[in-house]
Amino acid sequence: MDRGDCLVAVKGPGPRISVPGQGQKVRRIMDLNRFKIEDLRRSCGTNLWAGFQARPKKVALKVTLALLMFAAVMFIALPVASLFIRSYSGITMQTLQDPVVQDALMLSLATSTIATMVAVFMGTPISYINARFNYPGKELIDSLIDLPVVLPPAVAGIALLMAFGRMGVLGQYLNAWGFSIAFTTIAVVIAQIFVSSPFYMRQARTSFEAVDLVFENAARTLGASETYAFRHVTLPMALNGLISGAIMTFARSLGEFGATIMFAGNFQGRTQTMPLAIYTAMQGDLYVSLCLSLILVGFSFGVILLVKFLTRRMYKNVRN
Amino acid sequence: MLEIDIKGRLRDFQLDVSLKVAKGEILMLMGENGCGKTTILNAVAGLFTPEKGEIVVDGRILFDSENRINLPPDERNVGYVFQNYALFPHMSIYDNVAFGLRSRRLSRGEVKTRVESQLETFGLWEIRAAKASQISGGQKQRTALARALAIEPDLLLLDEPLSALDIIRQAAMRKELRERVRDCGVPSVMVTHDPRDVSTIGDQVCLVERGRVVKFSRAGEIATWGDGNADETATSSGTEVIA
């Protein structure tokens with residue numbers, strides 16, 4: 001057969017005819033009943049014989065995929081499940097009331113809340129500007145914002161020390177005025193902001209970009225000033241995205257370890273956040289570590305569910 | 001009376017139009033996609049700034065490049081029905097219609113009476129609590145028009161208000177749209193692709209090509225335009241009519 005020709009195959013008792021497309025000619029009509037299957041395979045290039053072999057192959061493929069998937073799920077699920085299994089025998093209400101746990105929990109919640117609030121306050125205007133306007137150096141600033149996401153936390157910690165430490169670029173002047181930031185609770189918050197605010201700014205920019213400019217334009221022609229349009233149209237339409245960004249930021253702050261331990265130290269009640277307490281308690285009371293870990297696991301899972309729910313609702317809302 | 005006389009760069013060609021629309025008159029803009037029809041509307045609404053020219057409504061200057069006057073969109077008092085309507089999806093129909101009045105900081109009582117009468121007139125009272133995504137195409141168009149007219153604009157701009165509807169709905173909505181636009185009695189400019197819109201709704205019609213008005217006539221005469229090659233022959237006479 002030549003390229004572009006159409007083979008019309010007739011098989012079985014009733015004729016099955018495929019209609020040739022434009023530019024194709026029906027060269028011959030084949031009666032499949034008279035051909036051996038191997039012949040046909042050679043003549044028209046379609047691997048019909050494979051159809052008979054497909055079943056075991058398909059099953060094998062499905063089994064392989066299922067096994068791979070099972071392995072991947074177990075790889076994540078087993079360690080998480082082990083946390084619960086090992087905790088079951090040893091954690092009591094007393095562990096939860098251990099001062100190390102209490103201090104770390106309160107400190108983490110307080111610092112992460114403040115860090116998230118600062119990130120939202122700082123990040124919302126920047127994200128909106130980056131989503132809507134072009135200015136020279138925008139790409140550079142955007143990359144700078146993303147940098148802490150990929151930067152190793154230890155590097156972030158050292159960088160913060162070099163900036164705000166006693167001998168730091170800015171810290172030496174602050175120190176002269178009697179302010180010391182490093183190894184205080186403020187340092188914990190700064191480390192968290194530095195590491196986690198990109199999560200908010202990224203999500204906020206995407207959320208603002210998702211709101212079609214036509215809605216702002218419509219608001220403007222109806223008599224809304226720029227700020228009124230932002231407050232009543234753009235912000236509410238982007239809100240679900242902004243909230244999920246803030247939740248991500250909060251979660252990342254809660255888990256901050258490397259930058260905190262380098263820049264803020266590890267003092268119980270002042271700079272020892274939950275991850276630091278987990279690490280420290282490992283040497284003494286394993287169940288304190290496990291108890292804190294369980295709290296963080298539960299919280300993380302809740303965060304993922306909430307963010308999924310919010311982003312799904314957002315994209316349903318912003319279409320014109 | 002709306003007077004538009006604007007020049008400006010638009011992608012790879014020059015926008016250069018001059019149009020006049022009398023009070024209560026409806027001017028239809030026709031032309032291929034990307035010829036600058038919507039840009040003309042945006043220039044009048046203040047969403048696009050031309051390089052040169054002026055836009056005047058009833059003696060009120062909206063834009064004048066020589067005297068550096070360029071009113072922001074919120075001070076132009078223009079009713080604009082966008083393509084696909086751009087109804088605020090996070091608000092109810094009621095809040096959509098009330099938006100313009102609320103952004104003008106009108107008193108609560110006044111907003112309430114005006115929105116309620118507007119919803120009654122446009123047959124939207126029953127669905128006032130619905131969200132924009134829950135209503136039909138025809139209802140969306142009505143809401144968009146009700147929202148644009150609620151602010152009692154000095155002129156009305158409509159960007160393909162019928163194109164988002166299915167064919168059957170179009171015919172009915174076309175007549176309704178004509179009545180409503182006529183009733184508001186301000187100069188109106190409407191962009192369309194459909195000659196049926198022109199003959200049913202319009203008073204005047206002009207054909208825009210690459211940023212210029214190449215044909216201008218009474219809407220009833222669109223049937224005599226013919227299609228295709230007639231465009232070239234009419235180019236010269238069209239510009240004369242404008243001049």
Side-chain angles (χ1 to χ4, degrees), chain A residues 120 124 127-129 131-135 203-247 306-320, chain B residues 38 41-48 62 71-92 95-106 111 115 131-134 137 140 143-159 164:
Chain A
V120 169
T124 309
S127 313
Y128 182 73
I129 290 166
R132 281 284 187 258
F133 304 103
N134 276 320
Y135 56 87
Q203 176 67 50
R205 184 182 166 174
T206 328
S207 312
F208 283 134
E209 276 169 351
V211 179
D212 198 320
L213 198 61
V214 77
F215 295 113
E216 270 174 49
N217 285 342
R220 295 300 308 283
T221 60
L222 288 167
S225 66
E226 270 161 322
T227 40
Y228 190 94
F230 178 77
R231 279 208 348 255
H232 290 88
V233 176
T234 321
L235 197 59
M237 285 178 75
L239 193 62
N240 281 330
L242 299 185
I243 293 174
S244 67
I247 294 170
L306 198 60
V307 167
K308 270 199 172 165
F309 170 73
L310 284 173
T311 32
R312 194 169 305 164
R313 225 178 51 170
M314 180 180 92
Y315 287 110
K316 227 163 58 184
N317 260 345
V318 291
R319 270 182 237 135
N320 183 358
Chain B
T38 301
L41 297 194
N42 283 343
V44 176
L47 304 171
F48 168 81
L62 303 184
L71 290 187
D74 44 317
E75 287 171 26
R76 293 196 176 198
N77 206 34
V78 167
Y80 197 154
V81 175
F82 289 82
Q83 204 175 2
N84 297 325
Y85 313 130
L87 298 177
F88 303 128
H90 59 294
M91 292 182 195
S92 66
D95 289 335
N96 264 284
V97 176
F99 187 90
L101 303 173
R102 283 182 182 151
S103 69
R104 273 144 218 264
R105 317 252 178 236
L106 260 63
V111 171
V115 172
K131 287 268 161 70
S133 55
Q134 299 164 329
K140 278 183 194 171
T143 309
L145 193 61
R147 184 178 71 173
L149 292 176
I151 60 170
E152 290 173 6
D154 297 333
L155 63 109
L156 183 62
L157 308 171
L158 306 113
D159 194 355

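The chains referred to below are lettered A, B, ... by the order of the sequence lines, with proteins before strands, and numbering in each begins at 1.
The OG atom of B:Ser103 sits 11.5 Å away from the CZ atom of A:Arg231 when rounded to the nearest 0.5 Å. Between A:Thr221 atom OG1 and B:Leu41 atom CG the span is 11.5 Å, to the nearest 0.5 Å. Here the OH-CG distance, from B:Tyr80 to A:Asn217, works out to 8.0 Å after rounding to the nearest 0.5 Å.
Taking the six-membered ring where tryptophan is involved, the planes of B:Phe88 and A:Phe215 are tilted, since the angle between them lies from 30° to 60°.
Contacts of B:Ala148 with chain A are made by backbone atoms alone, with heavy-atom separations under 4.5 Å and no side-chain atom involved. B:Arg105 touches chain A through its side chain: at least one heavy atom from C-beta onward sits under 4.5 Å away, while N, CA, C and O do not.
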Pairs of donor and acceptor atoms involving the side chains of residues 223-230 of chain A, under 3.5 Å and at least two apart or interchain, shall be tabulated with distances.
from	atom 1	to	atom 2	distance (Å)
A:Ser225	OG	A:Thr227	OG1	3.3
A:Ser225	OG	A:Tyr228	N	3.2

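Judged as a side chain to side chain donor-acceptor pair (under 3.5 Å), and not counting sequence neighbours, the contacts of A:Thr234 are A:Glu216.
Looking at B:His90, its side chain never comes within 3.5 Å of a backbone N or O of A:Ala238 through a donor-acceptor pair.
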